[in-house]
Amino acid sequence: MNNFVGRFYHITTYGCQMNVHESEKIRAALQSLGMLETNDVNLAKVIVFNTCCVREGAEDRAYNNIVTLQSIKKEDPGKIIAICGCMPQQKKGKYNLAEKLPFVDIIIGTHNINQLAQYVKDYAKTKRRVIEIVDKPKGKMDFNTPVRDDHINAYVNIIYGCDKYCTYCIVPYVRGRETSRPPKEIYEEVKDLVQNQGYKYITLLGQNVNSYGKDLVDTMSFSELLSFLCTIEGDFKIKFMTSHPMDLGDDLIKVMKNEYKVAKTLHLPVQSGSDKVLQKMNRHYNIKHYKSIIRKARKAMPTISLSTDIIVGFPGEDEKDFNQTLKLLKKVKYDQVFAFSYSKRSGTPATEFDGQIEEKEKNLRLNKLLRLQKIIQQDNLKKYFKQTYDCLIQQINGVAVGITDGGKEIYIPGYKYFNQNYFAPVQVEGVRNHKLSGVINDRKR
Ligand code: 5AD
Ligand code: SF4
């Protein structure tokens, strides 16, 4: 029996799905000490901040929130405060956390999150601050069976790290080299999630999933991994993120088209519509190539849902470059766009580039792009009419709703008695007030 049994912990998570999933593993680690989760920091004995540093905004938000814990710690010095993840892992971060936040007891990075439960126990015993940032994973990263937030979609890591070194991006510096998990291990995890835990979606995670397997001896490509996972019996679908246009080959499009269990949705960050900017970003593709992937994907899967990431205001981006990005959005008509204003990340090459753009101008461009995308998305609704989408049937406020692979809701009026959580084809019959309605079309499957 340790003195954590029955005590509460609280986790705040910033950043991407990778971090969300890592917090699910931290949760498992703390629960293995007998702890319980609470939403209330005041109740918590252990308070964890799992941080992100991909943009300055995320860092500032986390930092400002952590500062507010100072008074909580003063009131109750028995509380244990820990910071982990990408922010502490930076070599030249904006904040010197250990110095500026003396009331934080444990500061670790991305490679030793798996040791957190041990650090918490050590701190409780010795009251000695733990500040440990290591360059390589300390032991196995899949350290605990994650305690997941969501009961429909489960995240599963397939590859850690990134070797791409896009010139704006801090990720390769804080997440290390690409390291794939063995296929069999992933297979067993997915099988358990689907067959024993009833998950309907499995989302495979990696900074660049298309690099999967390149570092393994008994190698298997990403598309082969997908086919392998599709042999698992059950009514489920597989999603994945994120793909890199440089590595996405025809083999993947073929598997997506042919495997019923691979969801027809693709997140393919383009970052910019200008070849000049893409080259300075070290993205290794041009717009012609990018568009050819989109064309092939749409030809193979006409109803595929497409999304992307865009950075506006990258150093040297002029009006013409920016207009090329707008032109690309009009051409592709994405279902969703995640757009960001360029944020200088210390230690990355782009920080030193000429032609840095003022914050005000970056924001103007960002808003212009978001306004355009909003119009495109409203217009996109037309394309759903009379199309059939394989949907997960769910109940929302007592009404049947089909959720497409891309996450769009199709209301199915008059469908009173129905099973939930199974996949069925839904044909869209109405598009009104930005809402879709349809009928289940079982014959089409
Ligand atoms: N500034 C702005 N956006 C960035 N991203 C990565 N680094 C930066 C940066 N320095 C965006 C990219 C990436 C997404 C996860 O975050 O668009 O695809
Ligand atoms: Fe960052 Fe580029 Fe790697 Fe994505 S591919 S994580 S943007 S370095």
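Order of listing sets the numbers, starting from 1, for every ligand and every atom in it.
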Only one of Ser23, Cys86, Cys52 passes side-chain contact (heavy atoms from CB on, under 4.5 Å) with Tyr14; say which it is.
Cys52

Side chains of Arg129 and Ile107: closer than 4.5 Å at any heavy-atom pair?
yes

Could you tell me whether the side chains of His284 and Asp247 share a donor-acceptor contact shorter than 3.5 Å?
no

Quick one: which ligand 2 atoms are inside 4.0 Å of a heavy atom on Lys164?
3 (Fe), 5 (S)

Top protein contact for atom 1 (N) of ligand 1, by heavy-atom distance:
Ser343 N, 3.0 Å

Can you name the atoms of ligand 2, numbered from 1 with element, that are less than 4.0 Å from a heavy atom of His244?
5 (S)

Tell me whether the guanidinium CZ or amine NZ of Lys92 lies under 6.0 angstrom from the six-membered ring centre of Tyr173 and within 45° of its axis.
no

Using a strict 4.0 Å cut-off to heavy atoms of Arg345, name the atoms of ligand 1 that fall inside it.
10 (N)

The one among Ile310, Ile311, Asp309, Val312 that brings a heavy atom closest to atom 14 (C) of ligand 1
Asp309

Taking only heavy atoms of Tyr168, which atoms of ligand 2 are found under 4.0 Å from at least one of them?
7 (S)

Just by distance, with hydrogens left out, do Asp215 and Ser180 show a side-chain donor and acceptor under 3.5 Å apart?
yes

Of Lys299, Lys296, Arg295, Lys257, which meets salt bridge (Lys or Arg N to Asp or Glu O under 4.0 Å) against Asp250?
Lys296

Atoms of ligand 1 under 4.0 Å from any heavy atom of Val54, numbered from 1 in the order shown, are 6 (C), 7 (N), 8 (C), 9 (C), 10 (N)

Between Val171 and ligand 2, find which residue part has any heavy-atom pair under 4.0 Å and reply side chain, backbone, both or neither.
side chain

Which atoms of ligand 2 are found less than 4.0 Å from any heavy atom of Pro172?
8 (S)

Protein contact to atom 2 (Fe) of ligand 2 [nearest heavy atom, distance to 0.1 Å]:
Cys166 SG, 2.3 Å

Electrostatic pair Asp335:Lys408 at N-O distance under 4.0 angstrom:
no

Side-chain heavy-atom pair Tyr168, Ile311 within 4.5 angstrom cut-off
yes

To which protein heavy atom is atom 5 (N) of ligand 1 closest, and what is the distance rounded to 0.1 Å?
Arg55 NH1, 3.4 Å

Residue and atom name of the nearest protein heavy atom (relative to atom 6 (S) of ligand 2), distance in Å to one decimal
Gln207 CG, 3.4 Å

heavy-atom search around atom 7 (N) of ligand 1 in the protein gives Tyr168 CD1, 3.3 Å

Considering the heavy atoms of Gln271, write down every atom of ligand 1 situated less than 4.0 Å from one of them.
12 (C), 13 (C), 17 (O), 18 (O)

Decide, yes or no, whether a salt bridge links Asp405 with Lys239 under the criterion of side-chain N to carboxylate O below 4.0 Å.
no

Check contact between Cys166 and ligand 1, using heavy atoms of the residue and a distance below 4.0 angstrom.
no

Do Ser211 and Asn208 pair up side chain to side chain, a donor and an acceptor below 3.5 Å, judged on atom types alone?
yes

Between Cys162 and ligand 2, which part of the residue brings a heavy atom under 4.0 Å of the ligand: side chain, backbone, both or neither?
side chain

I need the minimum non-hydrogen distance between Ile403 and Glu409, along with the two atoms involved.
CD1-CG, 3.8 Å

Protein heavy atom at shortest distance from atom 1 (Fe) of ligand 2
Cys169 SG, 2.3 Å

Classify the contact between Arg283 and ligand 2 as side chain, backbone, both or neither, using a heavy-atom distance cut-off of under 4.0 Å.
side chain

Determine, using heavy atoms of Arg175 and all atoms of ligand 2, whether some pair is separated by less than 4.0 Å.
no

Look at Glu178 together with Lys214 and state whether they make a salt bridge at an N to O cut-off of under 4.0 Å.
no

